[in-house]
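These numbers come from the heavy atoms of this one structure, side chains and all, not from hydrogens, waters or symmetry mates.
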Amino acid sequence: MSAYINELNESQQQAVLQTDGPVMIIAGPGSGKTRVLTYRIAHMIEKGIDPFTIMSLTFTNKAASEMRHRIEKICGGEARNIFMGTFHSVFARLLRVDAPKLGYPSNFTIYDSQDSLSMIKQIIKELQLNDKTYKPNQVFSRISNAKNALISPKAYKLDQEILSEDIQMQKPLMGQLYETYAKRCFQSGAMDFDDLLFKMYELLVKFPEVLYQYQHRFKYLMIDEFQDTNFAQYSIVKKIADVYQNICAVGDDAQSIYAFRGATIENILNFQKDYPDLHVFKLEQNYRSTKNIVKAANHLIVNNKNQLQKTIWTDNIAGEPIKLMKANSDNEEAKLTADLIFEYKMRHHFSHNDFAILYRTNAQSRAYEEALRRLNIPYTIYGGMSFYQRKEIKDLIAYLRITVNHHDEEAWRRIINYPVRGIGKTTTERILVLANEREKSIWDICENIFSTDITGKAAQNILAFTMMIKSYATMLEKQNAFELATHIAKSSGILKELHEDKTVEGVMRYENIQELLNGIKEFSEEDTIEEGREEEFSTDRSLGAYLQNITLLTTQDQKVESTDSVKMMTIHSAKGLEFPCVFIGGMEENLFPSSMSLYSREELEEERRLFYVAVTRAMTYLTISFASSRYKFGNLNYSEPSRFLAEIPKEIMALHGDVKKKMEDTYDGDFEAPVKRRIVSAGNFSGSRPTAADPNFQADDPSKIMVGSEVEHQRFGTGKVVALDGLGVNKMATIFFQGEGQKKLMLKFAKLKVLG
DNA sequence: GTGGGATCGGTTTTT
DNA sequence: CCGATCCCAC
């Protein structure tokens, strides 16, 4: 037995040594799962199994490449041949070869959710349906669920049960929408995220020879985070593993947090049914966290009825109690957190990397950002609006996409008149109608624009556009991705347009484009595997490969400069990670558990598992906070502490004493009273003149409003502007003002002209 | 067809 | 808030 295996405990060793046959590893948080997986593959390779025959599905691409490096250290360069990545990226790679069998081009576009949603909106409009009853988001998730359950449009329309469901939800035409959406994606040569699974399955079912080939190539399969796989994913791996049955599922039902995406614990139960001679190993010893943290986690999770039996235990020290912080507002919560980070850092000599702030929703990051910035603490936010979703980036990418795949309808709609080239709504809509009528792609219509009733200048403009794209396409072979992208950015006029915009945002957008180009440059020149990137594309440096790569990046794959920084992310994005010092914020009822998840026991239990995941990210220090009043639209109450807090035993919790004192300092002793916050209706300003939208708000010259200005509100009287916040793209701003006799700040929205 | 102001609506989590 | 969309004047 190799030396490294001796480092493992008994159950870990057993899991590593059982390389053949169906295996399930139930691995609690911090139980050394990654190690077991790594050693297991290393052991297989040392045993003589060809790495080329191993497929390993991980949750992030980064996890895959890290694991690859670790195996490489043990076994050498052979590890390169392991087929590794996320479900989506692995299938995308396979489909790049086989998509033509299904009628797709091999350089098919991958639609991200924005593209999908936009397509659905377009279809709803075309079918002249009311988007109040057919809410695009709901339609999208319904379609997504169908695909994840491997229900085709045809099957969907034939299913009486589904139909009656849809009728009950007053959406009898869902089937038609699904069908149209699928058709339009197909005509655009595009697959959405769900298609990568759905089409993969279809491929295996429709083409037995392809299935045969994969079954005999991938003799060993490993699936990490098995609890978060959905029906489609499971069905695919099961098919591939059908001949050799060397399939190893690793997961933890207590950490299943993706039911909303179709993941189901059923998969774990089905796995046991599908493979009766299954070897099950349980990893229950936690090497990550203190006794108190483990205890808290165990006490939480027992409240879930729906779970497999297991007890996590640890030999680690008891550690400090779990700190509970109460703040008056979200901003206060963030400030206290930042203060505490500063303090911990001083006292325990942590580096910034040792801290993580976890929250339920992306929107919560804002307050933390401000607070950390004020203390000059460097931070990195994972997730939220990613770089690649920014408007200017998507615009340029749309050009690249349509160059690689001319039929991409979403890309076309996005850029057909950007920058402005005299092709208006009337023309675009006519082309869309024609494409539908003739069952052709939009590109086909544009190419033959003179065989339509579109004439004159509009037709000329369309022609010029198609010529331009064609000219880009001819460069695909001669120039590398970077040269081509740069050329496109310049000659399409995007760069010029942004360059002329001298506002702060305009300059930023320009810089973003430059950054994107730099990224493409790096990609097209690199010949070694980069951290967080799929090795599969390391040989393919084409523009098409680049596009596919970036759409399938996970939040954890996000490239971070190697700076020492506090990490901020949603709990979902924190899966698989650990930090010495963890802060969980926003523990208020309706926020966590989310008000959207209080309809059924299952949903509530998923929220509890989510909290469980958050708690078990912590190694040494865990601080949980909630605010007694949180800024929020609508009428939800965000002031009650989360019910989950009551499930942690009192004896291992403590109110942070220093924090209490700080709270007193900040509020002159009256910190007990919740901050009164009112949201006043918007006051709009057109140029320098106020409109009548908020008659309560008066200012002599609103365009001059700045910090310190005197302003008047009919109900709240006169006051001084204390701070301005926001000033986003459409120049909406929040005014905080403080009036006489009012101790608390008020919120006010106003549209302002940005000065100077 | 364009650009801007005004208005409305929506908010969980992610590949 | 922030984005999408409607509406209107040029």
Which listed nucleotide (B:dT12, C:dT5, B:dT14) is nearest to the side chain of A:Y258?
B:dT14
Can you run down the salt bridge (charged side-chain N to carboxylate O under 4.0 Å, His left out) pairs that involve residues 590-600 of chain A, sequence neighbours left out, and say none if there aren't any?
none
Please determine if a side-chain N or O atom of A:R421 lies less than 4.0 Å away from the OP1 or OP2 oxygen of B:dT2.
no
Can you check whether A:S113 has a side-chain N or O nearer than 4.0 Å to OP1 or OP2 of B:dT15?
no
Closest to the A:S594 side chain: B:dT12, B:dT15, B:dT2?
B:dT12
Whole-Å distance between B:dT15 P and A:N145 CG?
17 Å
For A:Y418 and B:dT2, give me the distance from atom OH to atom C1', rounded to whole Å.
15 Å
With A:Y181 as reference, evaluate A:I120, A:V139, A:I124 under the side chain to side chain contact (heavy atoms under 4.5 Å, CB included) test and give the passing residue.
A:I120
Please determine whether a side-chain nitrogen or oxygen atom of A:N362 lies at a distance below 4.0 Å from atom OP1 or OP2 of B:dT12.
no
Result for side chain to side chain contact (heavy atoms under 4.5 Å, CB included) between A:T109 and one of A:D408, A:D115, A:D192 points to A:D408
What's A:K575 touching, base or sugar-phosphate or nothing? Going by heavy atoms closer than 4.0 Å.
nothing
One thing to verify: whether A:R261 and A:D228 come together as a salt bridge, which I'm taking to mean a side-chain N less than 4.0 angstrom from a carboxylate O.
no
Have a look at A:D194 and say if it touches a base, only the backbone sugar-phosphate, or nothing, with a 4.0 Å heavy-atom cut-off.
nothing
N or O in side chain of A:S573 less than 4.0 angstrom from B:dT14 OP1/OP2
yes
Step through it carefully: locate the ring centre of A:Y234, locate the ring centre of A:F226, and say whether they are under 6.0 Å apart.
yes
Distance check needed: B:dT14 C1' versus A:I571 CD1, whole Å only.
14 Å
To the nearest angstrom, the CD1-P distance between A:I236 and B:dT15 comes to 18 Å
Base, sugar-phosphate alone, or nothing: which one does A:D112 contact when heavy atoms must sit under 4.0 Å apart?
nothing
Heavy atoms under 4.0 Å, any strand shown: does A:T551 hit a base, just sugar-phosphate, or nothing?
nothing
At 4.0 Å (heavy atoms only), tell me whether A:F87 reaches a base, stays on the sugar-phosphate, or touches nothing.
nothing
By centroid distance (under 5.5 Å) and plane angle (under 30°), are A:F260 and B:dT12 in a stacked arrangement?
no
5'-most contact on DNA chain B (nearest-nucleotide basis), A:I423 vs A:E607, goes to A:I423
Want to settle it: does A:I257 or A:K135 sit nearer the 5' end of DNA chain B, counting the closest nucleotide to each?
A:K135
From C-beta outward on A:T426, which listed nucleotide comes closest to its side chain: B:dT13, B:dT2, B:dG1?
B:dG1
So, does A:N461 get its side chain near the phosphate of B:dG1, meaning an N or O under 4.0 Å from OP1 or OP2?
no
Out of C:dC2, B:dG3, B:dT12, which has the shortest distance to the side chain of A:R360?
B:dT12
Atom pair distance, as rounded to whole Å: CG in A:D228 and P in B:dT13
16 Å
A:Q233 has an atom CD; how far is it from atom C1' of B:dT15, in whole Å?
9 Å
Mind checking A:T427 for me? I need base, sugar-phosphate or nothing, with any heavy atom below 4.0 Å counting as a touch.
sugar-phosphate
Between A:R608 (CZ) and B:dT13 (P), how many Å, whole number?
21 Å
To the nearest Å, give me how far apart CZ (A:F140) and P (B:dG10) are.
18 Å
Sequence neighbours excluded, which residues qualify as side-chain contact (heavy atoms from CB on, under 4.5 Å) partners of A:R414?
A:Q114, A:K391, A:K394, A:D395, A:A398
